[in-house]
Amino acid sequence: MYIRMVSIKFPSQQKADAFVAMMKTSWLEKLEHETLTVEQTVMKTGEGKIVGFGRYNSEEDFLKTSSELKKMWDDFIKSFDGLVEWHSGEVVMQYKRDINSL
């Protein structure tokens with residue numbers, strides 16, 4: 001499994017909220033049809049900050065779509081006056097609780 005993490009800082013919470021609203025309407029379809037992303041999670045951390053996690057089955061799947069996706073995301077984020085920092089890497093440890101056993 002391979003993960004891409006993005007941290008984004010906007011000048012205001014309003015711009016962050018507008019960015020998330022646009023993502024929900026226009027970017028979900030792009031993720032579904034134009035990438036090999038298996039899962040995407042985005043969380044608001046407050047004060048105009050957002051963190052996103054994308055999961056891929058392999059580094060190869062990540063590399064097949066990352067250059068195009070990164071350029072589109074950078075342009076989209078900059079249109080909201082956002083600053084972005086990218087991180088990616090292979091998952092080396094993961095824990096997941098079986099919620100059915102609770």
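- Taking CE from Met23 and CD1 from Ile77, the interatomic distance works out to 9.0 Å, rounded to the nearest 0.5 Å.
- Side-chain heavy atoms closer than 4.5 Å link hydrophobic residues (I, L, V, M, F, W, Y) into clusters, and following such links, even through other members, never connects Tyr2 to Met5.
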Exercise. For side chain to side chain contact (heavy atoms under 4.5 Å, CB included), just list the numbers for Gln40 and Leu28, CA-CA rounded to whole Å, side-chain angles, deciding distance to a tenth of an Å, and then say yes or no.
Key: CA-CA 9 Å; Gln40 179 72 37; Leu28 290 179; 5.9 Å; no

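- Within the structure, the salt bridge (Lys or Arg N to Asp or Glu O under 4.0 Å) test picks out the following pairs touching residues 81-93 (sequence neighbours left out): Lys15-Asp81.
- Distance OG1/Thr65 to CE/Met72: 8.5 Å, rounded to 0.5 Å.
- At least one side-chain heavy atom of Val51 sits less than 4.5 Å from a side-chain heavy atom of Phe53.
- Evaluation of the ring-ring contact (aromatic ring centres under 6.0 Å, His included) rule for Phe10 yields Phe19 as partners, not counting sequence neighbours.
- Contacts classified as side chain to side chain donor-acceptor pair (under 3.5 Å) and involving residues 45-59 (residues at least two apart or in different chains) are given here: Arg4-Tyr56, Thr37-Tyr56, Glu39-Arg55.
- Lys78 has no carboxylate O lying under 4.0 Å from a charged side-chain N of Asp74, or vice versa, which leaves the two without a salt bridge.
- For the atom pair OG1 (Thr41) and CD1 (Ile3), the distance works out to 8.5 Å, reported to the nearest 0.5 Å.
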Exercise. Check the pair Leu83, Ile8 against side chain to side chain contact (heavy atoms under 4.5 Å, CB included), reporting the backbone distance first and the verdict last.
Key: CA-CA 6 Å; Leu83 301 173; Ile8 309 166; over 6 Å; no

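- In this pair, Trp27 and Phe76 present their aromatic rings tilted. The plane angle is within the 30 to 60° band.
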